[in-house]
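Here the structure comes first, spelled out in structure tokens, and everything after it is commentary.
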4 protein chains.
Amino acid sequence: MDSHLAARTPPPLSPRKRPRQARAVVTVDAIFEATLQVLLAEGMRHLTTTRVAERAGVSVGTMYQYFPNKQALVYALNERSLETLADRIEATCRACHAAPVNRMVEALIETYWRAKTERPEVTRALYRSVAEMDNTALIESFAQRVDAATTEMLASATDATFTDLHIVNLTLVTVIFGTVRNAFERGVSDAVSHALKQQLLEMCLAYMQAAMA
Amino acid sequence: MDSHLAARTPPPLSPRKRPRQARAVVTVDAIFEATLQVLLAEGMRHLTTTRVAERAGVSVGTMYQYFPNKQALVYALNERSLETLADRIEATCRACHAAPVNRMVEALIETYWRAKTERPEVTRALYRSVAEMDNTALIESFAQRVDAATTEMLASATDATFTDLHIVNLTLVTVIFGTVRNAFERGVSDAVSHALKQQLLEMCLAYMQAAMA
Amino acid sequence: MDSHLAARTPPPLSPRKRPRQARAVVTVDAIFEATLQVLLAEGMRHLTTTRVAERAGVSVGTMYQYFPNKQALVYALNERSLETLADRIEATCRACHAAPVNRMVEALIETYWRAKTERPEVTRALYRSVAEMDNTALIESFAQRVDAATTEMLASATDATFTDLHIVNLTLVTVIFGTVRNAFERGVSDAVSHALKQQLLEMCLAYMQAAMA
Amino acid sequence: MDSHLAARTPPPLSPRKRPRQARAVVTVDAIFEATLQVLLAEGMRHLTTTRVAERAGVSVGTMYQYFPNKQALVYALNERSLETLADRIEATCRACHAAPVNRMVEALIETYWRAKTERPEVTRALYRSVAEMDNTALIESFAQRVDAATTEMLASATDATFTDLHIVNLTLVTVIFGTVRNAFERGVSDAVSHALKQQLLEMCLAYMQAAMA
DNA sequence: AATGAATGAGGCTTCATTCAT
DNA sequence: GATGAATGAAGCCTCATTCAT
């Protein structure tokens, strides 16, 4: 399935060279920022290499020194964004180490929800941008980091042990992430969004209660 | 937000003419089927009007008789697919009228999960195809039909009443749909997928229990 | 050897579609003519798809309906030219059927020399244009037609038989063709060119004399 | 004719500076070698200054210290190669000074044939590389050296004198060089190639015999 | 002297859409 | 009605060359 993504001469998605000089780092950052800007202002449909370079204040040629093609650029942008998100989740997990389960669940929901909501257009633009790419590796890598962090957190809970920690953890994470995204896509109002978050929390708490050994 | 999706060129998204004659219906169906085929085989990236027409066995010109532009074609395909899905959900809801809550929840999860999983590549291809379109109206319309159906179903439950039927219903639907999609995107194995569905069911049941007045 | 010609994703060199309608034939011819014109006026280095289309009075798009890429266009042009040349050689061979050997050799030299010299810029432009292409198939195909024609001609000679017709034939053809090309490349004057042709004839005659059984 | 080759941009084809220091000689040699390597591995089409510099282990900037532009580099490479070839031919001519004609002809054929065949890919790559350049001067210069050498050789023959030494010499050289190239391009097998060389020798001998006063 | 990051003109190619037949 | 040849704007990407460090 999805064979077409790879079938037609898999385009190299990894960056061409890492910026070595300070100047180059600045350039790459500018390119990332510009990509996001164009994505927000024009949509994936109108994200052209020319436009990105223009907005970044560099020449197309420069862009191509760092990214072998357009896809790689978008890919890298998403990678970066997911890494940031994973960082935040890991931080949350660390902060909740050896806390009661309820606090953990609440913190997790809160963190993820906020991360996705604080700049909704960005979230949406990124969601859209990877849609037609093989982002399996990205998701995979993100999922692994998150799973590791949350699993460890849950295992450290002071007030509970889970016979099936793994599946409970997976369920929790999948439900939370999926619900947020779906709420997002339905474009619910802030009020409803808030209520929904509350209900999600209650649902997860009820589940955890039931799942405790 | 996302204004660019509609702003740039308000493309007429509705079909040019409703097929009135039998022949026309056949043609349109062939076009839909061809679109799906190309989408599966080549991806949105390579979905061209020429290719679709070719595979549908009609000329490009003919295609343009039925769809004013490419977007409209993809849009209509998704519309059709969502309508079918809504049909199935409504059927499920009717079948569970005046049943116990647990059966309702189970049926709902089962129906949606199956619908999305029975032809995963199709699901994925469609998800991708709308990514860069303004599908708000589509989602909206789908959501309304589903909400109406599930709300009525839940209201008819023989073993429970909900003080806040609306929000409970919204939560239930959002969580189920979101979780399915997320499980989908993580590309979990069949075994895990099955376990996840089971857990989701338990979670929802626990939630409903807590939500009953 | 020459692996790079094929190695880097062999570009399809065969035409995309044969012109079916009268109009299309005209178009294709115009494109060929334009290609030659541009080749003459600007050289392979500056032969661009845009320029060719422009001079042919069609759009680039049209060009790409008949040729999958620039290389294919140049390739087809050379193919056509070699076919014409082979036609002429075959005609000469038929005309000399059952003649004395000397007349055959003279006719062959004359035909080839004239063909290459009557429009020297064209010859030169074509030579250059295929230089960096894998024209093996072209050469091969041309060589086969010529070999067949000349072999048959020589076999019909009234005043001689050859024990080793095959190698004699190959030698004759290779020497003639090679010498013409080399004379060409050295850019000798008309006078010298003429003298050279004469000498070549004498050399070949001397050779044939010695080669007769 | 072929005016475009020089007309467009009269690019300075002579090296920017002759390497005076030992280090410079090494560098230039490395660049030459790298150019040949890239030419062999990738073809003229993909011969880029960056790639050459990379393989030569110097920066592009450095390359531009020695060659004013890409053309000059390729030009110089061919120049070098032709000079080497001329050296070998001159050596052969000197070695055959005051020998019988037959030995001269045989030695000449042998030398040239071997030179072109010992590294066929190199020969081919070089042939290709100059295709779209104005190599008239190169050819001219090479021809003059060869003509002088062979003329002198033939004049010293112990067993013959030629009334028309000049044209005989030109014919001999043109036929030999042309035949070798053509045999080359037809891509004949080693066996055939060998037979061809033999026949060429016989043909030339027959010619010389006839040409003797 | 050497480096290699940056430039940007310009090449190739695609594909949605039209319209004469 | 149907066809499919023709259009051409617009996108992606390369690479010879320069120049600040």
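Residue numbers begin at 1 in each chain, while the letters A, B, ... track the order of the sequences.
Distance CZ (D:F67) to P (F:dT17): 13 Å, rounded to an integer number of Å. Rounded to an integer number of Å, the gap from CE of A:M63 to C1' of E:dG8 is 14 Å. Separating the CD1 atom of C:I31 from the P atom of F:dA6 is a distance of 8 Å, rounded to the nearest angstrom. Between the P atom of F:dG11 and the CD atom of A:Q71 lies a distance of 16 Å, rounded to the nearest Å. To the nearest angstrom, P of E:dT14 lies 18 Å from CE of B:M44. With rounding to whole Å, B:R55 atom CZ is found 20 Å from F:dG4 atom C1'. Spacing between atom NE2 of B:H46 and atom P of E:dT13 amounts to 16 Å, rounded to whole angstrom units. The NZ-C1' distance, from A:K70 to F:dT14, rounds to 17 Å in whole Å.
Along DNA chain F, the nucleotide closest to B:G57 and the one closest to C:G61 are compared, and the more 5′ of them pairs with B:G57. Residue order along DNA chain E, read from the 5' end via each residue's closest nucleotide, puts D:V58 first among B:L47 and D:V58. Residue D:V60 is the one, among D:V60 and C:Y64, whose nearest nucleotide of DNA chain E lies closer to the 5' end (criterion: closest heavy atom).
The pairing partner recorded for E:dG11 is F:dC12, the criterion being a Watson-Crick or G-U wobble arrangement whose two distances lie under 3.5 angstrom. Base pairing analysis places E:dC19 opposite F:dG4; the two distances defining the Watson-Crick or G-U wobble pair are each below 3.5 Å.
At E:dA5, none of the side-chain N or O atoms of A:Y66 fall inside 4.0 Å of OP1 or OP2 (strictly under the cut-off). Contact check, D:T49 against F:dA16: a side-chain N or O comes under 4.0 Å of OP1 or OP2. At least one side-chain nitrogen or oxygen of A:T62 sits closer than 4.0 Å to the OP1 or OP2 atom of E:dT7. Here C:T27 reaches the OP1 or OP2 of F:dA6: one of its side-chain N or O atoms lies under 4.0 Å away. Listed pair B:S59 / F:dT3 meets the phosphate criterion, a side-chain N or O lying under 4.0 Å from OP1 or OP2. Taking only side-chain nitrogens and oxygens, A:R51 comes nearer than 4.0 Å to OP1 or OP2 of F:dG11.
With values rounded to the nearest 0.5 angstrom, B:M44 atom CE is found 5.0 Å from B:K70 atom NZ. The distance from atom OG1 of A:T35 to atom CG of A:L126, rounded to the nearest 0.5 Å, is 10.5 Å. In this structure, C:N78 CG and C:E83 CD are separated by 11.0 Å, a value rounded to the nearest 0.5 Å. Rounded to the nearest 0.5 angstrom, D:R128 CZ and D:L40 CG are separated by 11.0 Å. Rounded to the nearest 0.5 angstrom, B:R80 CZ and B:F32 CZ are separated by 5.5 Å.
Each of A:L36, A:L82, A:V130 was scored for a side chain to side chain contact (heavy atoms under 4.5 Å, CB included) with A:L77, with one residue passing: A:L36.
The nucleotide whose nearest atom lies closest to any side-chain atom of B:N69 is, among F:dT3, E:dT17, E:dT13, E:dT17.
Note on B:T48: only backbone sugar-phosphate atoms sit closer than 4.0 angstrom, heavy atoms only; bases stay farther off. Here C:L73 lies out of heavy-atom contact (under 4.0 Å) with every strand.
Remark: the C:Q65 side chain and the F:dA6 base include a donor-acceptor N/O pair separated by less than 3.5 Å.
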